[in-house]
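Following: one structure in structure tokens, then a few remarks.
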Amino acid sequence: MTVTIDDDFDLDRIAQSGQCFRWESLPGGAYRIPFRSHCLHIAPLGGEGYELDCTAEEWEGVWKRYFALDENYRAIRAQADPGEDPFLWRACEAQKGLRILRQDPWEVTVSFIISQNRNIPAIKRSVELLCQSCGERLSDRRGGSYYAFPSPEGVAGLSDGDLAACRLGYRDRYVRAAALAACSGALDFDALAGDTEEDAMKALLGLYGVGVKVASCIALFGLHRLNAFPIDTWMRRALAAEYPGGYPFERYSPWNGVFQQYIFAYYRSGGREPPRDKMQ
DNA sequence: AGGCAGGCTTTTA
DNA sequence: TAAAAGCCTGCC
């Protein structure tokens, strides 16, 4: 089936934004996107049109929510004023098409625990190895196979050796601890959904191996708390260079996390003063 | 109590 | 070799 999407929506930008690690790039700007037990092939047709391999029901019931198409990113971007904050405006213009997905919170939790002190290719590799080691092998609609992201039980059941084979390094005990917490109910994403931002952050920070940065990423990308504002090395550089007087959080609430993502992507793509030496 | 240095696995460029 | 969407522990 085909659909038209009448808002900011750029598959390449989303794929490269560092919020999801399992999108598979295909020829022609298309992607294969696994989500829980679903898998979508989506190909741009030019303009606002896209070719999908799912039913209308699945598009309506699963993917529109996954892509957060109920939210209007043009309207969010419009809050950045070129005269008031030219840097933010440029970042939004340059990265137009980004969206914050509604991903599976468990997958996001593990992925961002794995992300610490690593670059994106290395993160993708470990996540994929983890999926292959204990995720369910499923078929997409084109006869291809893929591995679902494993359940907490699946991860908790891995031997030391199998977990080590995922090349998680010192993070392997963090991942195992998160799996045990999710199995025991100590980590309950449904409960977190009803919490205040502060309580949700507090609960996430209680996980072994989860600090402020990773907890913020889980809140933003896993719990869809669009005001959560992860600060990594890139954001630290961007804030120091562009907002020496402090970032105006009040001004952009409750969309701080969205603007954070524009700034992060803009900076990482070389839009501003890359780290002293070279870029990718 | 709260801040800071050092260490940690592995990959990437 | 330094840096990578950092965090934990021990010391002060």
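Chain letters run A, B, ... following the sequence lines, proteins first and then strands; every chain starts at 1. All values below come from the heavy atoms of this structure, side chains included, with hydrogens, waters and symmetry mates left out.
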Inset, instruction - Return the residues of residues 160-177 of chain A meeting this criterion: a heavy atom under 4.0 Å from some atom of DNA chain B. Order them by number, or give none. - result: A/R167, A/G169, A/Y170, A/R171
Inset, instruction - Could you tell me whether the side chain of A/T4 and the main chain of A/G49 form a donor-acceptor pair under 3.5 Å? - result: no
Inset, instruction - Please report, rounded to the nearest Å, how far the P atom of B/dC8 is from the CD1 atom of A/I114. - result: 21 Å
Inset, instruction - Figure out the CG/C1' separation between A/L130 and B/dT9, and round it to whole Å. - result: 16 Å
Do [X] and [Y] have their ring centres less than 6.0 Å from each other?
{"X": "A/F9", "Y": "A/Y50", "result": "yes"}
{"X": "A/Y267", "Y": "A/W234", "result": "no"}
{"X": "A/F229", "Y": "A/Y247", "result": "yes"}

Side chain of [X] (C-beta onward), nearest among [options]:
{"X": "A/A122", "options": "C/dA5, B/dT11, B/dT9", "value": "B/dT11"}
{"X": "A/K213", "options": "B/dT11, C/dT9, C/dC7", "value": "C/dC7"}
{"X": "A/R118", "options": "C/dG6, B/dT10, C/dA5", "value": "B/dT10"}

Inset, instruction - Select base, sugar-phosphate, or nothing to describe what A/S126 touches, counting heavy atoms under 4.0 Å on all strands. - result: nothing
Inset, instruction - Name the nucleic acid region contacted by A/I120, choosing base, sugar-phosphate or nothing; use a 4.0 angstrom heavy-atom cut-off, strictly under. - result: sugar-phosphate
Inset, instruction - Would you give the length of the straight line joining atom CG of A/L11 to atom CD1 of A/I5, rounded to the nearest 0.5 angstrom? - result: 7.5 Å
[Y]/[X] salt bridge by N-O under 4.0 Å criterion:
{"X": "A/R125", "Y": "A/E128", "answer": "no"}
{"X": "A/D7", "Y": "A/R99", "answer": "yes"}
{"X": "A/D160", "Y": "A/R176", "answer": "yes"}

Inset, instruction - Return the stems involving DNA chain C, sorted by first number, where pairs are Watson-Crick (N1-N3 with N6-O4 or O6-N4) or G-U wobble (N1-O2 and O6-N3), both under 3.5 Å, and runs are 3 or more long. - result: B:2-8 with C:6-12, B:10-13 with C:1-4
Legend entry - Any A/R237 side-chain N or O less than 4.0 Å from OP1/OP2 of C/dA4: yes
Legend entry - 5' precedence on DNA chain B between A/P121 and A/Q116 (nearest-nucleotide basis): A/Q116
Inset, instruction - Give a yes/no verdict on base stacking between C/dA5 and A/W234: centres under 5.5 Å, planes within less than 30° of parallel. - result: no
Inset, instruction - Look at the aromatic rings of A/W63 and A/F67 and report parallel, tilted or perpendicular, splitting at 30° and 60°. - result: tilted
